[in-house]
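A note on names: the letters A, B, ... follow the listed sequences, proteins ahead of strands, and every chain is numbered from 1. Source: prediction; values computed, not measured.
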There are 2 protein chains.
Amino acid sequence: MATSSIKEQVYQELSRVTHAISNPKRMELIDVLSQKSYSVEELSNEITMSMASTSQHLQVLKSAKLVDSYRQGNFIIYSITDDSVLKLVSVVKELGFRKIAEIERLIGDFKADKNILESITLDDLLARSKKEKIILIDVRPEDEYKAGHIPNAVSIPLAQLKKRLNELPKNRTIIAYCRGPLCVMSADAIKLLNQRKFTAIRMEDGYVEWKLKQHEINKN
Amino acid sequence: MATSSIKEQVYQELSRVTHAISNPKRMELIDVLSQKSYSVEELSNEITMSMASTSQHLQVLKSAKLVDSYRQGNFIIYSITDDSVLKLVSVVKELGFRKIAEIERLIGDFKADKNILESITLDDLLARSKKEKIILIDVRPEDEYKAGHIPNAVSIPLAQLKKRLNELPKNRTIIAYCRGPLCVMSADAIKLLNQRKFTAIRMEDGYVEWKLKQHEINKN
DNA sequence: AGTCTATTCAATGATTTTGTTGAATAGTTG
DNA sequence: CAACTATTCAACAAAATCATTGAATAGACT
């Protein structure tokens, strides 16, 4: 049957896309690349895996057209092909978190990092910043901040936070964000700030989520 | 390292979602279920696979919380858990088609079904229906129409089309849709209608795409 | 209660995926 | 052009996936 064959081919092709991120390490790669382009070596460190394996995973992602690469000097730089990939990651997270949330509810665990749960969303941020003057800090590595950040955010990478506490006011609310819902950098930042008697809240959304929101607004 | 372990678990969980649809048959199952709930037996026929295998695939989807099931008399009915699943499928198709389109461009093939390419989108439909009075027909099985359809659409399942041609006018533009971009039912309908000298165009989007559009509009 | 039937479970072998190590490649830089 | 280096290729063994067949289950009807 010709129809069936075409149909099969199409579903085959579609599942190749999801197969590409059906592996935890590849999912992580895509998530890291959502922030900014990186070389194979950097990625290999980030996901703690041998370069050879990292390279292979990247090739799988490339063949599914989720990432692209170009050469820069000695390095090969990988990046996300376009913003539909961001959407894909965002939807998968949405679906994945339903499950994770349920597991946590069942186990009753996750108390150790409970302050991670006390976080606001992008919408909260926008609403809140209209009422009061808040300080928004981006605690990702500086490179990622430079590659793009939420307007009015100040870059204070987590690693530098301890030394730069004097730049922050104690009479204002500080909101910290990082790579998005999966990332713990902002949670660490909040922990430190609260210890030092700052008023600080974590925002779970990151730059990617902000960017996707812009897309939506522009469309309508 | 505790952090790394949590991180790994999270990515593991996220990739379980994508793993669930990283198989062509499971992708097809989700796509079919996007239209309407079905029993295991019906699904098994639809995707031409043994009941045992179909059941197993459904369980994978269920454990990823992409589908849910309940009993109705002798049958177990499977359905999509919620509309985020529709979003997932929609994004995956968007990404998958980039690849498919490129392959077709490279091979230069696909001439046999060329009229599939001459199709309009949901936006085109909306714009066009403001200017002229068009006839919109839904050629999916009647069950799926009953489960939900685009407003003002008339149900004429593909199987009945030949007998019901007299219900359609020749002096108006007829637009046919089915399950969405992957589905060939509307293409078959267009072929028949054009042979019989109707003015008929295929719309590649289906009810699911319409529904997702409503969500977006409601959000802003 | 007993039969019937849709669905699920279990076991199997063929095939694919995974991550590693060590060698090969290609391209840059001095 | 020679040396260097980041990246990719190749080969391997362990582990996971896939679709099938045949048996088991669980619930619905008479």
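An OP1 or OP2 oxygen of dT20(D) is reached within less than 4.0 angstrom by a side-chain nitrogen or oxygen of S50(B). Put simply, H57(B) has no side-chain N or O that comes within less than 4.0 Å of OP1 or OP2 on dT17(D). Taking side-chain N and O atoms only, S55(B) has a distance below 4.0 Å to OP1 or OP2 of dT8(C). Contact check, N23(B) against dC18(D): a side-chain N or O comes under 4.0 Å of OP1 or OP2. Neither OP1 nor OP2 of dT7(D) sits under 4.0 Å from any side-chain N or O of Q59(A). Look at Y78(A) and you'll find a side-chain N or O under 4.0 angstrom from OP1 or OP2 of dT8(D). For the pair R26(A) and dT18(C), the criterion of a side-chain N or O lying under 4.0 Å from OP1 or OP2 is met.
With sequence neighbours excluded, the residues that form a side chain to side chain contact (heavy atoms under 4.5 Å, CB included) with S84(B) are E94(A), L95(A), R98(A), D82(B).
Comparing atom distances between the M49(B) side chain and each of dT7(C), dT20(D), dA6(D) picks out dT20(D) as nearest. Considering only side-chain atoms of F75(A), the nucleotide from dT7(C), dG27(C), dT7(D) that sits closest is dT7(D). When each of dA28(D), dT7(C), dA19(D) is scored by its nearest atom to the side-chain atoms of R71(B), the top-ranked nucleotide is dA28(D).
Using a 4.0 Å heavy-atom cutoff across all strands shown, S39(A) reaches sugar-phosphate atoms only and no base atom.
Remark: K65(A) NZ is loosely packed, at most 12 non-hydrogen atoms of other residues, nucleotides or ligands lying under 6.0 Å away.
Seen from the ring of Y11(A), K7(A) does not count as a face-on cation partner, given the 6.0 Å and 45° thresholds.
Remark: P of dC29(D) and CD of Q72(B) are 11 Å apart, rounded to the nearest angstrom. The distance between atom CG of L58(B) and atom P of dT7(C), rounded to the nearest whole Å, is 10 Å. Per the geometry, CD1 belonging to I76(B) stands 10 Å off P belonging to dC9(C), to the nearest Å. In this structure, the CG atom of L61(A) is 11 Å from the P atom of dT18(C), given to the nearest Å. Put simply, CE on M51(A) is 18 Å from C1' on dT18(C), counting in whole angstrom units. Between the CD atom of E41(B) and the C1' atom of dT7(C) there is a distance of 10 Å, given to the nearest Å. Taking atom CD of residue Q12(B) and atom P of nucleotide dT18(C), one finds them 12 Å apart after rounding to whole Å. dT7(D) atom P lies 12 Å from atom NZ of K62(A), rounded to whole Å.
T18(B) places a side-chain N or O within 3.5 Å of a backbone atom of I21(A) that can act as its donor or acceptor partner. With E216(B) contributing its side chain and K213(B) its backbone, the two residues share no donor-acceptor pair below 3.5 Å. No donor-acceptor pair under 3.5 Å is formed between the side chain of K93(B) and the backbone N or O of P181(B). With hydrogens and angles ignored, the 3.5 Å screen pairs no side-chain donor or acceptor of Q35(B) with any backbone N or O of V32(B).
The residue among A52(B) and Q56(A) whose nearest nucleotide of DNA chain D lies closer to the 5′ end is Q56(A). If you find the closest nucleotide of DNA chain C to S53(A) and to S69(B), the one lying nearer the 5' end belongs to S69(B).
Between the two ends of the helix from dA1(C)-dT30(D) to dG30(C)-dC1(D), each summarised by a five-pair axis, the helix axis turns through 40° (rounded to 10 degrees).
Annotation: side chain of R26(B) is not in contact with side chain of I30(B) (no heavy-atom distance under 4.5 Å).
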